[in-house]
K.L.:
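Take a look at the following structure, please.
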Amino acid sequence: MAGPLLGARLPHVLFGGDYSPEQWPEGVWEEDVRLMREAGVNIVSLGIFSWSRIQPSPDRFDFEWLDRVIELLHENDIRLDLATATASPPPWLSHRHPAMLPVLADGVRLWPGGRQHYCPSSPFYRDAAVALVTAMANRYGRHPALAMWHAGNEYGCHVPACYCDVSAAHFRRWLRERHGTLEELNRAWGTDFWSQRYSDWEEILPPRQTPTWPNPSQQLDYRRFCSDALLECYELERRVLAELSPGIPVTTNFMRFFKPLDYWKWADREDIVSDDVYQDPADPDAAMGSAMAADLMRSLGGGRPWILMEQTPSRVNWRPVNVAKAPGQMRLWSYQAVARGADGVMFFQWRQSRAGAEKFHSAMVPHGPPETSPTWREVVRLGRELREFDGVCGSRIHSAVAILHDWESWWALELPSKPTALLSHLPQLESYYRPLFEANVVPDFARPGDDLSAYSLVLAPSLYLVGDGAAAGLARYVDAGGTLVMSFFSGIVDEFEHVRLGGYPAPFRELLGLRVEDFLPLPQGETVDLVLGDRRGRGEIWSELVTPAGAETVARFSSGGLQGQPAVTRHRFGRGTAYYLATRPDGASMASILAEACRGAGVEAVASVPAGVEAVRRQGDDGSFLFLLNHADAGVEVPVGGQRVSLGPRDVAVVRETS
Ligand code: GLA
């Protein structure tokens with residue numbers, strides 16, 4: 001067990017939120033800290049959008065107000081997740097250097113007046129950010145209240161890609177690094193298609209708006225580049241912090257399954273993984289979605305605890321209709337994060353803004369008197385309860401199942417001009433995740449090239465793009481006794497988005513014991529019937545003609561042109577088993593296929609509990625914590641270890657299990 005996330009600096013579950021004292025007269029700060037103490041707040045994210053107050057003009061820094069806030073927090077024993085404050089450049093910067101403003105693929109420039117209006121490649125932005133971080137780290141880098149640094153904020157959230165000339169030049173430098181020669185680039189991008197062969201590096205541009213589909217290999221490289229360009233911005237900040245504020249961990253807040261950034265790469269450069277989670281209370285799948293995000297965050301950190309950096313206490317302001325969380329829902333979803341490995345529960349934001357675009361976004365402290373606010377009461381209750389959870393800090397989750405999730409394959413899969421536009425990555429992931437969530441099997445996420453030997457079962461939902469090494473690794477995994485379930489349209493292209501020839505799915509044919517003769521995607525809204533043993537089901541989105549070559553058929557198509565042909569197969573390969581799904585089975589069919597795979601692989605549920613109750617176990621040094629989360633609107637009795645635990649609607653119990 002690793003011990004608390006922030007060590008002796010803060011040996012408790014982190015509890016707090018984004019704090020923007022610059023939006024309030026100083027008189028309010030005293031009330032802020034009094035209320036923070038009442039709620040058990042032990043850390044705040046400070047200064048995230050304070051750049052224009054910290055540096056009101058190019059050659060003037062004003063730290064005095066921030067000094068006073070920090071001293072006040074310190075006196076009250078509240079730690080700092082101190083922002084580098086680079087997320088929203090001040091007006092003077094873009095006024096002086098308009099070339100730092102980002103440009104969309106169609107040439108439209110984005111103007112200041114919101115936030116995050118910077119081109120990630122802009123030297124003006126980068127230099128100004130480094131100067132600010134240097135000043136911040138010089139001033140506060142060794143402050144006793146400082147517990148961690150918060151670099152930027154939600155990198156790429158509003159501007160994941162810029163297409164300006166500065167970005168174009170940066171892209172060309174990045175391409176030279178990646179491909180070496182122009183000849184290699186021409187090969188990698190398949191430029192003999194549609195007369196796209198380059199004769200000079202200067203001819204190469206980002207995939208700006210074109211008359212029809214831009215080159216897919218170019219688009220894929222641009223996705224990689226854009227993730228890397230923002231990562232460089234983060235790295236520049238991290239380097240300054242490492243030098244001037246040694247030993248203080250650095251994080252930046254992720255956004256669940258955020259497509260533009262390859263979080264595997266990013267997480268490698270973070271001391272702590274943190275995430276922002278905004279479930280829609282009106283979405284019946286909200287709890288599944290946040291469970292899935294939590295499992296991703298834990299996995300990105302290699303199993304280490306992570307921080308729920310932002311969630312809303314009740315409503316957000318950015319959906320067409322901003323439904324409030326039901327009573328108990330905020331507490332329940334906070335515990336869900338802790339159950340799935342979070343050692344911190346934080347909010348956006350501490351005090352609800354009076355002005356600006358987010359004034360109707362709920363906060364821990366509402367516009368009205370806190371005493372009468374149900375949200376505030378729930379915040380205070382949660383803060384008090386989490387004080388009893390020091391023992392949970394550092395405990396781990398042991399998972400026997402891994403779901404493969406790869407950003408490059410996601411990007412490539414969703415490039416246009418595929419057999420069907422109905423196939424996208426997240427619904428594929430969810431079709432695997434949902435039955436596991438409902439059965440209380442807690443999976444990790446893994447990269448296709450990872451060492452998977454610790455897992456009994458590996459799931460590969462449409463791994464469209466795969467490198468040679470990862471493909472060989474999957475075969476070795478099964479050969480050595482692992483169980484793999486893989487979906488259609490896997491192993492189709494290499495890392496350049498070039499088709500792997502010789503029959504689909506070229507790198508997996510032997511492992512799966514079959515060949516795919518043709519893709520037969522289903523028309524929108526149509527399904528195909530399936531027979532799985534003695535049950536019937538439906539396939540969605542996709543079907544294909546499979547010729548077994550060693551695999552046995554465990555389910556067949558039972559309607560349409562593929563009637564009688566294999567829909568699901570199983571193949572013994574070495575000491576292991578590989579399943580193949582030639583369609584996307586409906587939920588119940590998927591549940592039965594995964595239940596069989598789990599049984600075969602010896603994977604068990606965390607606990608046997610009534611439907612609607614989520615059960616997750618965190619394992620500590622001297623015992624474990626069984627989290628029971630009732631997502632239903634009605635109370636329920638849960639039998640555990642000979643006793644019965646009563647849970648009210650949207651209620652939580654944590655059962656201590658000693659080993
Ligand atoms: C994001 C940002 C916050 C705030 C919230 C509102 O998560 O990081 O600054 O805008 O959204 O939900």
Side-chain angles (χ1 to χ4, degrees), residues 14 16-24 43-53 81-90 112-118 148-160 230 233-234 237 251-261 263 266 270 272-283 286 289-290 293-294 296-297 306-325 329-330 333-334 337 342 344-367 375 379:
L14 280 55
D18 281 23
Y19 183 36
S20 306
E22 69 274 22
Q23 294 177 11
W24 299 95
I43 187 164
V44 290
S45 301
L46 182 65
I48 294 179
F49 298 106
S50 308
W51 192 345
S52 68
R53 281 291 293 267
D81 165 38
L82 187 58
T84 56
T86 54
S88 190
R115 62 177 177 186
Q116 218 180 76
H117 42 279
Y118 62 85
M148 59 194 284
W149 284 103
H150 186 107
N153 191 65
E154 293 193 338
Y155 278 95
C157 167
H158 308 300
V159 185
L230 279 164
C233 294
Y234 166 80
E237 298 196 3
T251 191
T252 184
N253 41 347
F254 289 163
M255 292 162 281
R256 321 219 278 182
F257 286 82
F258 181 62
K259 185 176 169 187
L261 301 188
Y263 281 158
W266 280 68
E270 279 194 315
I272 297 171
V273 171
S274 63
D275 196 29
D276 297 349
V277 178
Y278 290 95
Q279 309 96 322
D280 184 354
D283 175 3
S290 45
L296 175 68
M297 293 303 139
W306 56 283
I307 299 172
L308 174 57
M309 183 60 85
E310 289 183 24
Q311 62 171 334
T312 181
S314 177
R315 260 180 298 106
V316 295
N317 66 302
W318 40 263
R319 293 195 175 99
V321 177
N322 299 294
V323 173
K325 288 180 177 171
Q329 203 155 44
M330 181 275 283
W333 286 347
S334 300
V345 174
M346 299 176 68
F347 296 87
F348 177 85
Q349 62 173 329
W350 166 251
R351 183 180 283 278
Q352 189 166 4
S353 298
R354 187 176 184 193
E358 297 188 313
K359 55 186 171 297
F360 296 114
H361 193 294
S362 67
M364 298 162 86
V365 179
H367 287 149
T375 304
V379 164

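Counting from 1, the numbers follow the sequence of the chain as shown. Both counts, for ligands and for their atoms, begin at 1 and track the order of listing. In what follows, every heavy atom counts, from backbone to side chain, and hydrogens, waters and symmetry copies are set aside.
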K.L.:
Please could you name the atoms of ligand 1 that His361 approaches to less than 4.0 Å, counting only its heavy atoms?
P.N.:
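Answer, ordered by atom number: 6 (C), 12 (O).
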
K.L.:
May I ask you to check whether Ser353 and Glu358 show a side-chain donor-acceptor distance below 3.5 Å?
P.N.:
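Checked: Ser353/Glu358 side chains show no N/O donor-acceptor pair below 3.5 Å.
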
K.L.:
Can you name the closest pair of heavy atoms from Val273 and Thr251 and give their distance?
P.N.:
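Shortest heavy-atom contact: C-OG1, 4.1 Å.
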
K.L.:
Does the side chain of Tyr278 come within less than 4.5 Å of Arg256's, by heavy atoms?
P.N.:
no

K.L.:
Counting each atom of ligand 1 from 1 as listed, which ones have a heavy atom of Tyr278 under 4.0 Å away?
P.N.:
5 (C), 6 (C), 7 (O), 11 (O), 12 (O)

K.L.:
Does only the side chain of Glu358 get under 4.0 Å from ligand 1, or the backbone, or both, or neither? Count heavy atoms.
P.N.:
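Side chain only.
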
K.L.:
Does Phe254 form a ring pair (Phe, Tyr, Trp, His ring centres under 6.0 Å) with Trp306? I'd like the steps, not just the answer.
P.N.:
CA-CA 11 Å; Phe254 289 163; Trp306 56 283; over 10 Å; no

K.L.:
Could you tell me which atoms of ligand 1, counted from 1 in the order shown, lie closer than 4.0 angstrom to a heavy atom of Asp276?
P.N.:
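Ligand 1 atoms under the 4.0 Å threshold to Asp276: 7 (O), 8 (O).
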
K.L.:
Atoms of ligand 1 less than 4.0 Å from Glu154 heavy atoms?
P.N.:
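Contacts of ligand 1 toward Glu154, numbered from 1: 1 (C), 2 (C), 7 (O), 8 (O).
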
K.L.:
Tell me which protein heavy atom sits closest to atom 9 (O) of ligand 1, plus the residue, atom name and distance to 0.1 Å.
P.N.:
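I find the closest protein heavy atom is Arg115 NH1, 3.0 Å.
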
K.L.:
Answer with side chain, backbone, both or neither: which part of Met309 has a heavy atom less than 4.0 angstrom from an atom of ligand 1?
P.N.:
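Neither; no heavy atom under 4.0 Å.
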
K.L.:
Given Gln349, Gln311, Arg319, Glu310, identify the one with the heavy atom nearest to atom 11 (O) of ligand 1.
P.N.:
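Ranked by closest heavy atom to atom 11 (O) of ligand 1, first place is Glu310.
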
K.L.:
Taking 4.0 Å as the limit for heavy-atom contacts, which would you say applies to Asn153 with ligand 1: side chain only, backbone only, both, or neither?
P.N.:
side chain

K.L.:
Quick one: which ligand 1 atoms are inside 4.0 Å of a heavy atom on Trp318?
P.N.:
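Under 4.0 Å from Trp318, ligand 1 has these atoms: 6 (C), 12 (O).
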
K.L.:
Can you tell me if Asn253 and Asp275 form a side-chain donor-acceptor pair at under 3.5 Å?
P.N.:
no

K.L.:
If you draw the axis of the six-membered ring of Trp24, does the NZ or CZ of Arg351 fall within 45° of it and under 6.0 Å from the ring centre?
P.N.:
yes

K.L.:
For Ala87 and Gly152, which heavy atoms make the closest approach, and how far apart are they?
P.N.:
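Looking at all heavy atoms of both residues, the shortest contact is CB-C, 4.1 Å.
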
K.L.:
Should Trp149 and Asp81 be marked as a side-chain contact (heavy atoms from CB on, under 4.5 Å) after you check the CA-CA gap, both sets of side-chain angles, and the distance that decides it?
P.N.:
CA-CA 5 Å; Trp149 284 103; Asp81 165 38; 5.9 Å; no

K.L.:
Within a distance under 4.0 Å of any heavy atom of Phe49, pick out the atoms of ligand 1 and give their elements.
P.N.:
9 (O)

